[in-house]
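First up is the structure itself, then whatever we jot down about it.
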Amino acid sequence: MPVPIGVFAPGEYSLEARLHDTDHPGSSPIVAATKLIVSAPWDWGAYIVPLEPRAFEDLELVIHSAAYFDPKSLRLAVTGDTVRVDFDYLGTAPEAVPAGMTRIASIPLRGLAPGAYRFEAWGRLIAGGEAGRFFLRDFSVSAVSNVVEYYHEGLDHYFMAAGPDEIALLDAAGQGGWKRTGQRFGAWLKAVDAPLNAHAVCRFYAAGPNSHFYTGDERECQQLRDLERDGRANAGAKPFLGWAFEGIAFWALMPQFDQCLAAGVPVYRTYNNRAAQGDSNHRFIVDAQVRGSMAGWFEEGVAFCSAH
């Protein structure tokens with residue numbers, strides 16, 4: 001089954017596949033490894049990865065220079081709608097690659113808000129002098145944001161994160177053993193960025209199963225909020241373990257008669273059917289092959305439509 005891994009800046013990467021024996025959960029996985037080479041752009045210039053970034057999506061700013069430069073000298077500054085990278089380069093053309101020098105390197109940039117931007121690359125001779133602008137590239141950041149899926153092996157639960165701060169926290173293992181599955185879909189973080197027909201998606205958390213739930217159905221959201229109100233009133237001094245409203249997670253287009261038509265790609269909701277065991281969990285899936293692999297999970301139809 002193919003697994004999406006996103007886009008990468010030019011370079012050499014190590015790709016590993018870890019095959020776990022489901023009949024022996026405690027056994028060590030079989031590991032298959034290979035190298036993944038991402039080629040540099042043919043022309044000299046400044047590039048962004050990905051080429052069409054979504055709102056608040058982390059970027060890599062790539063410099064491909066005809067002159068050798070020190071990759072450690074890359075310096076980033078963001079002022080308004082201008083993203084500037086400075087670097088120190090060698091003014092000569094040696095026959096061999098000088099130690100510690102390169103013609104292509106990248107520097108990370110935390111995701112940007114939606115809008116139009118200008119990427120400028122400025123070079124300065126290592127020997128000294130004034131910096132000059134080498135490259136210029138205009139680019140736009142879409143109003144659509146990524147909703148990223150995570151999986152926790154210990155809990156056997158799935159979770160979705162949309163905000164850049166929560167995504168960064170999960171990627172840094174700040175909430176335990178959550179890891180990206182590679183699945184994601186598009187939505188909007190703010191109502192002002194979303195189309196008028198987008199719906200607010202409510203996010204709930206239940207302490208009992210230690211699980212989250214999302215719905216863009218206004219009636220379903222209100223029903224759960226009513227149940228929370230009644231449940232808290234009846235709980236008294238005991239902790240409330242049911243579904244608690246956490247706020248609006250994102251805005252999304254909703255299906256019509258369980259179809260997205262031209263609105264986008266369907267995002268299906270599946271359920272592990274473990275309420276009786278106090279272990280309810282839902283998964284929201286775009287990929288048809290992944291959806292077909294969820295044996296034992298119940299189909300609950302199209303939950304949202306992924307934005308393009």
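Quantities reported herein were computed from a predicted structural model and do not represent experimental measurements.
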To the nearest 0.5 angstrom, please state how far the [atom1] atom of [X] sits from the [atom2] atom of [Y].
X: Ile107; Y: Lys72; atom1: CD1; atom2: NZ; answer: 14.0 Å
X: His20; Y: Ile30; atom1: NE2; atom2: CD1; answer: 10.5 Å
X: Asp23; Y: Asp21; atom1: CG; atom2: CG; answer: 5.0 Å
X: Thr270; Y: Ile285; atom1: OG1; atom2: CD1; answer: 4.0 Å
X: Glu228; Y: Phe204; atom1: CD; atom2: CZ; answer: 7.0 Å
X: Phe139; Y: Leu51; atom1: CZ; atom2: CG; answer: 11.0 Å

Is [X] salt-bridged to [Y], cutoff N-O under 4.0 Å?
X: Lys190; Y: Asp193; value: no
X: Arg124; Y: Asp86; value: no
X: Arg110; Y: Asp165; value: yes
X: Glu120; Y: Arg84; value: no
X: Glu153; Y: Lys179; value: no

Return the minimal non-hydrogen interatomic distance between [X] and [Y], and the atom names on each side.
X: Leu90; Y: Ile126; answer: N-CD1, 4.2 Å
X: Ala66; Y: Arg103; answer: O-NE, 3.1 Å
X: Ser145; Y: Leu189; answer: OG-CG, 3.4 Å
X: Ala162; Y: Ala249; answer: CB-O, 4.0 Å
X: Ala275; Y: Ser280; answer: CA-OG, 3.3 Å
X: Phe135; Y: Gly45; answer: CD2-CA, 3.4 Å

Using a 3.5 Å distance criterion without hydrogens, assess whether the side chain of [X] forms a donor-acceptor pair with backbone atoms of [Y].
X: Tyr214; Y: Met160; value: yes
X: Arg75; Y: Ser73; value: yes
X: His152; Y: Leu155; value: yes
X: Arg184; Y: Asn146; value: no
X: Ser142; Y: Arg54; value: no

With side-chain contact (heavy atoms from CB on, under 4.5 Å) as the criterion, how do Gln289 and Arg291 come out once you've worked through the C-alpha distance, each side chain's angles and the decisive distance to 0.1 Å? CA-CA 5 Å; Gln289 287 186 303; Arg291 178 180 162 217; over 6 Å; no
All ring-ring contact (aromatic ring centres under 6.0 Å, His included) counterparts of Phe134, not counting sequence neighbours: Phe87, Tyr89
Assess the side chains of [X] and [Y]: does a donor N or O sit below 3.5 Å from an acceptor N or O?
X: Asn210; Y: Tyr205; value: yes
X: His157; Y: Asp279; value: yes
X: Asn281; Y: Ser211; value: yes

Let me see the working for Val290 and Gln183 under side-chain contact (heavy atoms from CB on, under 4.5 Å), right down to the final yes or no. CA-CA 9 Å; Val290 173; Gln183 301 295 313; 3.5 Å; yes
Transitively linked via ILVMFWY side-chain contacts under 4.5 Å: [X] with [Y]?
X: Tyr117; Y: Leu136; result: no
X: Val147; Y: Val286; result: yes
X: Ile48; Y: Phe56; result: no
X: Leu112; Y: Val144; result: no
X: Val62; Y: Tyr13; result: no

Got a sec, which residues hit side chain to side chain donor-acceptor pair (under 3.5 Å) with Glu149, two or more places apart in sequence or on another chain? Thr181, Arg283
Listing request: all side chain to side chain donor-acceptor pair (under 3.5 Å) pairs with a residue in residues 246-256, at least two apart in sequence or in separate chains. Arg203-Glu246, His212-Glu246
Among pairs that include at least one residue of residues 60-70, which meet side chain to side chain donor-acceptor pair (under 3.5 Å), considering only residues two or more places apart or in two chains? Glu60-Ser106
Using the side-chain contact (heavy atoms from CB on, under 4.5 Å) rule, pick out the option among Ile104, Asp88, Ile63 that qualifies with Phe69. Ile63
Should [X] and [Y] count as side-chain neighbours, where that means a heavy-atom distance under 4.5 Å?
X: Leu76; Y: Val83; result: yes
X: Ile248; Y: Val201; result: no
X: Glu57; Y: Pro50; result: yes
X: Ile167; Y: Arg180; result: yes
X: Leu224; Y: Phe245; result: no
X: Glu300; Y: His282; result: yes
X: Val49; Y: Phe8; result: no
X: Thr92; Y: Pro94; result: yes

I'd like to know whether [atom1] of [X] has more than 12 heavy-atom contacts from other residues, nucleotides or ligands below 6.0 angstrom.
X: Phe298; atom1: CZ; answer: no
X: Gln277; atom1: CD; answer: yes
X: Glu218; atom1: CD; answer: no

Is the ring centre of Phe304 less than 6.0 Å from the ring centre of Phe284? yes
When the aromatic ring centroids of Trp178 and Phe159 are compared, is their separation below 6.0 Å? yes
Cluster partners of Leu241, using ILVMFWY side-chain heavy atoms under 4.5 angstrom, listed by chain and number? none
ILVMFWY cluster membership beyond Ile37 - transitive side-chain contacts under 4.5 angstrom: none
For the pair Trp243 and Phe213, name the ring-plane relationship: parallel under 30°, tilted 30 to 60°, perpendicular over 60°. tilted
Decide side-chain contact (heavy atoms from CB on, under 4.5 Å) for Val265 and Cys260; before the verdict, give the C-alpha distance in whole Å, the side-chain angles of both, and the deciding distance to 0.1 Å. CA-CA 6 Å; Val265 179; Cys260 288; over 6 Å; no
Report the C-alpha separation of Asp171 and Tyr150 in whole Å, then their side-chain angles, then the decisive distance to 0.1 Å, and conclude whether the side-chain hydrogen bond (donor to acceptor under 3.5 Å, both in side chains) test is met. CA-CA 9 Å; Asp171 287 342; Tyr150 292 84; 2.9 Å; yes
